[in-house]
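Encoded as structure tokens, the structure appears first; notes follow it.
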Number of protein chains: 2
Amino acid sequence: MSATLADVAAKAGVSRQTVSNAINTPRIVHPATLQRVMAAVDELGYAPNLHARRLRTSSARTIGIRLERHDDGIHGVLLDRFLHAVTEQAAGLDRHVLVFTADDADAEVAQIRSLSQRSLADAFVLTSTDHRDRRIDALAEAGIPFVAFGRPWDDGSAPHSWVDVDGRAGTREATDACLATGERVAFLGWPDGSGAGDERRGGWRDAMADAGLPADLDRAVEDDPAQAQAAAAELLAAGATSIVCASDTLALGAIGALSRADASVPVVGFDDTGVAAGLGFSSIDQNLGAVAAAVLELLHGEPAHRLVTPRLHRRANPRWGLPAQQSAAADGKDAS
Amino acid sequence: MSATLADVAAKAGVSRQTVSNAINTPRIVHPATLQRVMAAVDELGYAPNLHARRLRTSSARTIGIRLERHDDGIHGVLLDRFLHAVTEQAAGLDRHVLVFTADDADAEVAQIRSLSQRSLADAFVLTSTDHRDRRIDALAEAGIPFVAFGRPWDDGSAPHSWVDVDGRAGTREATDACLATGERVAFLGWPDGSGAGDERRGGWRDAMADAGLPADLDRAVEDDPAQAQAAAAELLAAGATSIVCASDTLALGAIGALSRADASVPVVGFDDTGVAAGLGFSSIDQNLGAVAAAVLELLHGEPAHRLVTPRLHRRANPRWGLPAQQSAAADGKDAS
DNA sequence: CTGTTAGCGCTTTCAG
DNA sequence: CTGAAAGCGCTAACAG
């Protein structure tokens, strides 16, 4: 059906091997021959059969990634963006991405083993790592190349490559930016104990300490807009001049509190999801493109790690939560 | 490195062919032999090299899907869920899913051609189809099997398989449910001209007509919470007893209007995203699992189509947007 | 620089 | 029911 190496060789009047060289190592074939071969390739619309190549070279050049189930929204959006970035950049490195699903960590390891052994994928990316992640030891022991997106939150796991976002740097930058509009920068985060959440709170504390200010306006709730709204209301009542949040979900709640209080102070979210764009508040972009690049870089080679610096995506101000009359003014054709 | 068919054959004291049969056509192998072979397989941890198999059988059993770039959030979440469903169900059919990215429709077609020709994937799923979709004619002409998620919005495109969600049925069900709490069911949707939006509005109109009621509380805005809030405020002022929305984004805006007006009427969104779960309003679930099943079913065979009925996911009431004191009552451990 | 030979691991003939 | 032979399309080695 599709043209093969032999067809091209026949058409160009050379051996199959020369065609192979022309494609894989063009610089070792005579320019004139090369041109003739390439012309034949174009004419026949030839593209190599990758199964044959992979069988021969026993390399899949394919990255396996588990698709997580995410009924929660934001988490899913982030992983989706990350997956997109990995896939896009992998293509530039002549690599493909195969996805799979698994119900739990053990099933994921089983899938990875299977894909690896059947040589469908030869490198893997682990997402949503947690304390004492079983997957890490299992894969390290099996000698399967992988990179974790997420730092090892405990020291017990086997040495491995990982990439993570420097949440501390993110909230620090956001806090510094907020200090321009007032000293009473509040933090709205999650209860202690979640690694990422603690990091984010730490960045706010650091920035306040560096500015010689007390880090006293601090509230912790679950990642839920209703709880966040209540907590934010208290922070406003306590005189907050801005609110740095550990997630866009919390920021959404804070915006709600602003709305009810007819207040207007800057709110900064985390993750820069569609909610932040839609409501127009600033948010910290995890910089998943950079994460993806780092992951691909570490996929082959000795265990190493990278901490990616997120970026504050500044937006003017909440457009929502303002009195309806003002909002109505935006009812025109200015939606972008 | 990994065990091969020959290893298993040697271990079991049979020919390679018998091992192949034991794996692919177990019923034609003598039970005793089969058991011996399987024991060897287990012992060696053998799994067939799929490149060799695919090379030999020239079938990839792999579905290609483009990952779209989605800065908008909701759209991304939906496609992500869909991708998850397809991947999960494909695994049950012994098929894999390969993802790729493309900047536009032409690039996508080029990618598909390439993947198909290099035999990395042999069937494709098209998402986000639109009027006069170039991809459809191109793939149909190239004879590459595919199914579109999204109905052909114009009659000009080549005959092909597609699956879509019956948005009309969704809003109709939602409207019927809302009629239980009051006759003045309003609709908050998008401007005319978007196929899906028109369908959703149509379902509301149908339900109102069937109930012998006027479909007069109807507003159209862009998919933006701020605009939605303003429009919803007007609908409330006009006496709406509930608001059916064309998206969760619009519903989010409506909840904001409720909050400002201290009103409490049912709001129904569309897509059942995390926002609906988080804020606790009802929403129409597109039923992407059923869509995925239909897509896989149509992937091979004559052109055909399926219309999947969405389901109303009922939730008690907006938990957010209520006065802060009430919200604060939910500040306990009841987050799920 | 080009051609020949060999074989990656599997499955499809076709004999036994 | 089992075994032997052939070849899917490609590239690593070597010989010319």
Side-chain angles (χ1 to χ4, degrees), chain A residues 1-38 40-41 44-62 94 96 114-122, chain B residues 1-38 40-41 44-62 94 96 114-122:
Chain A
M1 153 158 175
S2 216
T4 153
L5 206 58
D7 299 334
V8 178
K11 179 138 212 148
V14 296
S15 76
R16 295 188 328 223
Q17 187 51 36
T18 302
V19 179
S20 177
N21 287 337
I23 289 169
N24 298 305
T25 334
R27 49 186 185 68
I28 72 162
V29 8
H30 192 88
T33 317
L34 180 60
Q35 190 171 356
R36 203 146 37 90
V37 170
M38 286 320 199
V41 165
L44 294 172
Y46 169 75
N49 180 318
L50 292 190
H51 295 308
R53 173 181 287 173
R54 290 172 178 184
L55 172 59
R56 182 62 238 241
T57 62
S58 59
S59 89
R61 298 190 75 82
T62 299
D94 189 27
H96 291 100
S114 165
L115 290 173
S116 168
Q117 198 178 359
R118 303 197 289 176
S119 70
L120 271 192
D122 45 16
Chain B
M1 151 158 180
S2 213
T4 153
L5 206 58
D7 300 333
V8 178
K11 179 138 212 149
V14 296
S15 77
R16 297 189 326 226
Q17 187 46 37
T18 302
V19 179
S20 177
N21 285 337
I23 290 169
N24 298 304
T25 335
R27 50 187 184 67
I28 72 163
V29 170
H30 192 88
T33 318
L34 180 61
Q35 189 171 356
R36 201 147 38 87
V37 171
M38 284 321 197
V41 165
L44 295 172
Y46 168 75
N49 180 317
L50 291 190
H51 296 308
R53 174 181 287 175
R54 290 173 179 184
L55 173 58
R56 182 62 239 239
T57 62
S58 58
S59 90
R61 298 190 75 83
T62 298
D94 189 27
H96 291 101
S114 166
L115 290 173
S116 167
Q117 199 180 358
R118 305 197 288 178
S119 70
L120 272 192
D122 46 15

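Order of the sequence lines sets the chain letters (A, B, ...), proteins ahead of strands, with each chain counted from 1.
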Do A:H30 and A:Q35 have side-chain heavy atoms sitting under 4.5 Å apart?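 Heavy-atom side-chain distance check fails, nothing below 4.5 Å.
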Is B:S20 close enough to C:dT11 that one of its side-chain N or O atoms is under 4.0 Å from OP1 or OP2 there?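 For B:S20, the contact criterion (side-chain N or O under 4.0 Å from OP1 or OP2 of C:dT11) is met.
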Go through the steps to decide whether A:R53 and A:N24 satisfy the test side-chain hydrogen bond (donor to acceptor under 3.5 Å, both in side chains), and finish with yes or no. CA-CA 11 Å; A:R53 173 181 287 173; A:N24 298 305; 3.2 Å; yes
Measuring from the side chain of [X] (C-beta onward, heavy atoms only), which nucleotide among [options] has the closest atom?
X: A:T57; options: D:dG9, C:dC1, D:dT11; result: D:dT11
X: B:T33; options: D:dT2, C:dT2, C:dT12; result: D:dT2
X: A:V14; options: C:dC1, D:dG9, C:dG3; result: C:dG3

Does the pair B:R61/B:D122 count as a salt bridge with the N-to-O cut at 4.0 Å?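 Salt bridge: no.
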Between atom [atom1] of [X] and atom [atom2] of [Y], what is the distance when rounded to the nearest 0.5 Å?
X: B:H51; Y: B:R54; atom1: NE2; atom2: CZ; value: 7.0 Å
X: A:L50; Y: A:L55; atom1: CG; atom2: CG; value: 12.0 Å
X: A:L5; Y: A:I23; atom1: CG; atom2: CD1; value: 6.0 Å
X: B:M38; Y: B:T33; atom1: CE; atom2: OG1; value: 11.5 Å

In whole Å, what is the span from the [atom1] atom of [X] to the [atom2] atom of [N]?
X: B:L44; N: C:dG9; atom1: CG; atom2: P; value: 14 Å
X: A:R36; N: C:dT2; atom1: CZ; atom2: P; value: 8 Å
X: B:R54; N: C:dG9; atom1: CZ; atom2: C1'; value: 14 Å
X: B:R61; N: C:dT11; atom1: CZ; atom2: P; value: 12 Å
X: B:N24; N: C:dT13; atom1: CG; atom2: P; value: 14 Å
X: A:R27; N: C:dT2; atom1: CZ; atom2: P; value: 14 Å
X: A:N21; N: C:dG3; atom1: CG; atom2: C1'; value: 10 Å
X: A:Q17; N: C:dT4; atom1: CD; atom2: P; value: 11 Å

Which nucleotides of DNA chain C pair, in dot-bracket form (Watson-Crick or G-U under 3.5 Å, | meaning another strand): |.||||||||||||||
Please classify the nucleic acid contact of B:T18 as base, sugar-phosphate, or nothing, using heavy-atom distances under 4.0 Å.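 Sugar-phosphate, no base atom in range.
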Nearest heavy atom decides the nucleotide; on that basis, is A:L5 or B:S15 closer to the 5' end of DNA chain D?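 First, find each residue's nearest nucleotide; the 5'-ward one identifies B:S15.
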Want to settle it: does B:G13 or B:R16 sit nearer the 5' end of DNA chain D, counting the closest nucleotide to each?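 Its nearest nucleotide being more 5', the pick is B:G13.
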